[in-house]
There are 2 protein chains.
Amino acid sequence: MSDRLPPLTALRAFEAAARHLSFQAAAGELNVTPAALSFQIKSLEEHLGAPLFHRLNRRVELTEAGQALSPQASEGFQTLTAGWRAAKRVLDSGILTVTAGPAFTAKWLAPRLFDFAGSHPEIELRFAATLRMLDFATDDVDIAIRFGPIDVADDPSLHLALTIEEWVTPMMHPDLVPKYPTVESLLDATFIFDDSMKFLKNTVSWADWFGTHDLDTPDLHGTHFSQADHAIDAAQSGAGVVLGRISLGETALRQGSLVAPFETGLMPRANFRVLCPKGAETRPGTRAFLDWLAREAGRMEGLRDGRRIVRAGD
Amino acid sequence: MSDRLPPLTALRAFEAAARHLSFQAAAGELNVTPAALSFQIKSLEEHLGAPLFHRLNRRVELTEAGQALSPQASEGFQTLTAGWRAAKRVLDSGILTVTAGPAFTAKWLAPRLFDFAGSHPEIELRFAATLRMLDFATDDVDIAIRFGPIDVADDPSLHLALTIEEWVTPMMHPDLVPKYPTVESLLDATFIFDDSMKFLKNTVSWADWFGTHDLDTPDLHGTHFSQADHAIDAAQSGAGVVLGRISLGETALRQGSLVAPFETGLMPRANFRVLCPKGAETRPGTRAFLDWLAREAGRMEGLRDGRRIVRAGD
DNA sequence: CGTATCGGATAAGATATACTTGATCGTTAT
DNA sequence: ATAACGATCAAGTATATCTTATCCGATACG
């Protein structure tokens, strides 16, 4: 005698039918047609080699074999359901781990954390600020925000929840604004260099920016920063003019500690991708964060009003 | 959050993989390729929205979610397996109910019962001798032996395990044999009529039997029996000559209390069908009985040696 | 009594699911 | 360095599963 389990869908159909003592009700519970259920029961009976139900005129009754199977089947499926729920509960335990680069974490996420925490007190956010691409499986990360070239495809096993466009424009301390009324006047400015996007083929450097105004690049000198947020910090303290990334400067621009007085923006061939494991986008915590992220990212669009955004490499 | 269970095949794949901590071993257990198993796990992870295994170089480990699910999954499937076995045990409880017509039960099954019981002491046979076609589901019958026209199909939901051909030939008490040395001499005999096959379109009557010898049917008179076994009994007591069904006369022929001295047999367009619910043919008790039945039926073939069997209606 | 209704069974066709084959990739063992 | 191993992927195929539509027998009802 083979102790192998019969087809599990058929077993589940039987379990529901035995509980309701009605094929129709069971079909309803499983969201299938009565015909499908009838077929499943029949298939199960063939596997067993004997009927599980007495077909009476307008109802069904369990045979002896059915009576032996029914309680254990119910218990088995209950246990499975409980296990599945337990697994889900582990995931929705209220801890959401987000990874992003250090600059984005410091200049974009951190200032907004209070807002998110206010509307979702039940979710505890953890940030893992690193540039290394994390493995969702090994590092227990729920959401990753990565900046990369637009023509490099993401891991197909991940779900792309959102993209955020990045662009740069000259930013400076408010006190410096009168010194640079025109684009030409900027040529003599003290520059701050953000080298964080050097890895891109089409860079978005000062030379590129002046190029969009048909101006030759002057002899550029100033301080270089490999971390984008440090360049922003320097500009914020009045150390010079930075071709600042809008995602990182936005907070400062909003509160007035930085000003971006020029019309032209430059968009690199790269953007932010917000990724999570496939299927994870439906988990409540993940969904809440993604929704919030999309809303916040949308609010950044306002900064583009009245500006001319030039795509690099076009 | 949906509490619906994920695809059960995927769950079972996970259960095995979690137990072995190896996809390959799990695939072996379930008789599928490792690729299939990998796919199932992946699908389950997508349903959950998070990985269940840490993929390490040459092995896998359970994630936190996997650890939550694994024990309950194992327990659940164990319960289901236990229930399934319990249902099977009910069927193989050693009681086998066979239904057949009263004549076949009395003249064929009953004399052989001792033989079957001897070689299968663990099986308790129960006979339900009735002509009514029983419902396997409502009557808890395991095997049905039915006699019917060969051109009437059986219920397709039943398994046809065996057919036994029936034929008839003149049978009489040994003392009568010298009185009827030739076919022609039989024309004057005292006849016993077995009316049990009257329901057939192509009958196998005395008229038909004489017809195969190109003899006109004489004025037939004698005693009629509606039950075939009663006709055999009458012949056995020397009351006359019966055109006896071989299945029913065989036992008497073997022990010499009846003799069938003529060469010609007549085969009706009907036979015995041995039926059981689909799938039941693999149950040990059922199989033992069917095998035994086939063997015993085969032994009847010997009676055809040297005879001319004519099919009715040809 | 005939007719409507109910629950289940069936057949055929569509669709989704599950599996296999054959190849790839990164790691470990020889 | 090479081979072996375990997991994975892609493509094609097979099989299981579901739906639609119809049928059937038995109650319930006018």
Side-chain angles (χ1 to χ4, degrees), chain A residues 4-14 16-18 20-47 51-63 66 133 135-138 153-158 277-278, chain B residues 4-18 20-47 51-63 66 133 135-138 153-158 277-279:
Chain A
R4 291 201 86 68
L5 278 175
L8 293 167
T9 24
L11 245 190
R12 182 170 41 178
F14 166 78
H20 292 127
L21 282 177
S22 153
F23 290 11
Q24 193 147 271
E29 177 182 311
L30 299 173
N31 292 315
V32 295
T33 54
L37 209 120
S38 171
F39 178 85
Q40 295 288 9
I41 300 285
K42 187 175 171 167
S43 126
L44 192 63
E45 288 176 331
E46 277 189 27
H47 271 271
L52 288 159
F53 288 99
H54 290 300
R55 268 74 163 183
L56 301 169
N57 304 327
R58 257 174 107 149
R59 65 209 170 83
V60 290
E61 255 178 26
L62 287 168
T63 62
M133 189 59 206
D135 183 345
F136 285 93
T138 57
D154 297 301
D155 186 332
S157 77
L158 300 179
K278 256 185 192 157
Chain B
R4 290 200 88 66
L5 277 177
L8 293 167
T9 27
L11 245 190
R12 183 170 40 177
F14 165 79
E15 193 276 332
H20 290 122
L21 283 178
S22 154
F23 288 12
Q24 192 147 273
E29 177 181 313
L30 299 173
N31 293 314
V32 295
T33 55
L37 207 120
S38 172
F39 180 84
Q40 295 289 6
I41 301 285
K42 188 173 172 171
S43 128
L44 192 64
E45 288 176 331
E46 277 190 27
H47 270 271
L52 288 159
F53 287 99
H54 291 299
R55 267 74 163 184
L56 302 170
N57 303 328
R58 245 172 119 153
R59 63 208 172 82
V60 291
E61 256 178 24
L62 287 167
T63 62
M133 191 58 208
D135 183 344
F136 284 94
T138 57
D154 297 301
D155 186 332
S157 77
L158 300 179
K278 256 186 192 155

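Protein chains get the first letters and strands the later ones, always in sequence-line order, with residue 1 at the start of each. The analysis underlying the following values was restricted to heavy atoms, covering all of them including side chains, and did not include hydrogens, waters or symmetry mates.
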For this session: Could you please spell out the steps behind the side-chain contact (heavy atoms from CB on, under 4.5 Å) verdict for A:Gln40 and A:Val32?
Result: CA-CA 11 Å; A:Gln40 295 288 9; A:Val32 295; over 6 Å; no
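Out of C:dA9, D:dA7, C:dT21, the shortest distance to the side chain of A:Arg55 is found at C:dA9. Closest to the side chain of B:Pro7, out of C:dA18, C:dT21, C:dA11, is C:dA18. Each of D:dT17, C:dT20, D:dC9 was ranked by its minimum atom distance to the side chain of B:Lys42; first place goes to D:dC9. The side chain of B:Ala36 lies closest to C:dC19 when the candidates are D:dC9, D:dT19, C:dC19.
Rounded to an integer number of Å, the gap from CG of B:Leu44 to C1' of C:dA18 is 14 Å. For B:Leu52 and D:dT8, the CG to C1' distance is 17 Å, given to the nearest whole Å. Protein atom CZ of B:Phe39 is 17 Å distant from nucleotide atom P of D:dT13, rounded to whole Å. Atom P of nucleotide C:dG8 and atom NE2 of A:His20 are separated by 12 Å, given to the nearest angstrom. What separates CG of B:Leu37 from P of D:dA7 is a distance of 9 Å, to the nearest Å. Atom CD1 of B:Ile41 is separated from atom C1' of D:dG6 by 14 Å (rounded to the nearest Å). With rounding to whole Å, B:Leu56 atom CG is found 15 Å from D:dC5 atom C1'. Atom-to-atom, CD of A:Glu45 to P of C:dG8 comes out at 13 Å; the value is rounded to the nearest Å.
For A:Ala10 against A:Leu44, the heavy-atom pair with the smallest separation is O-CD2, 3.9 Å. Between A:Leu30 and B:Arg4 the shortest heavy-atom distance is CA-NH2, 4.0 Å.
Nucleic acid contact class of A:Ser43 (heavy atoms, under 4.0 Å, all strands): none.
Both A:Leu8 and B:Val60 lie close to DNA chain D; mapped to their nearest nucleotides by heavy-atom distance, the more 5′-ward contact belongs to B:Val60.
Remark: B:Ser38 is not in phosphate contact with D:dA7, judged by side-chain N or O atoms under 4.0 Å from OP1 or OP2. Phosphate proximity of C:dC19 to B:Gln40: present, with a side-chain N or O under 4.0 Å from OP1 or OP2. The phosphate of D:dA7 (OP1 or OP2) has no side-chain N or O of B:Arg59 nearer than 4.0 angstrom.
In this structure, B:Thr9 and A:Thr9 have side chains that are not in contact, with every pair of non-hydrogen atoms separated by 4.5 Å or more. A 4.5 Å side-chain heavy-atom check between A:Leu56 and A:Glu61 finds at least one atom pair inside the cut-off. The shortest distance between side-chain heavy atoms of A:Thr63 and A:Glu45 does not fall below 4.5 Å.
In this pair, A:Phe14 and A:Phe53 present their aromatic rings tilted. The plane angle is within the 30 to 60° band.
If you check residues 22-34 of chain B against DNA chain C, the residues with a heavy atom closer than 4.0 Å are B:Asn31, B:Val32, B:Thr33, listed by number.
A distance of 9.5 Å separates CG in B:Leu37 from CD in B:Glu29, rounded to the nearest 0.5 Å. Between atom CG of residue B:Leu8 and atom CD of residue B:Glu15 there is a gap of 12.5 Å, rounded to the nearest 0.5 Å.
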Between N or O atoms, less than 3.5 Å apart, protein on one side and nucleotides 26-28 of chain D on the other: list the pairs.
from: D:dT27; atom 1: OP1; to: A:Asn57; atom 2: ND2; distance (Å): 2.5

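Listed by chain and number, the residues in a side chain to side chain contact (heavy atoms under 4.5 Å, CB included) with A:Pro34 are A:Gln24, A:Ala27 (sequence neighbours excluded).
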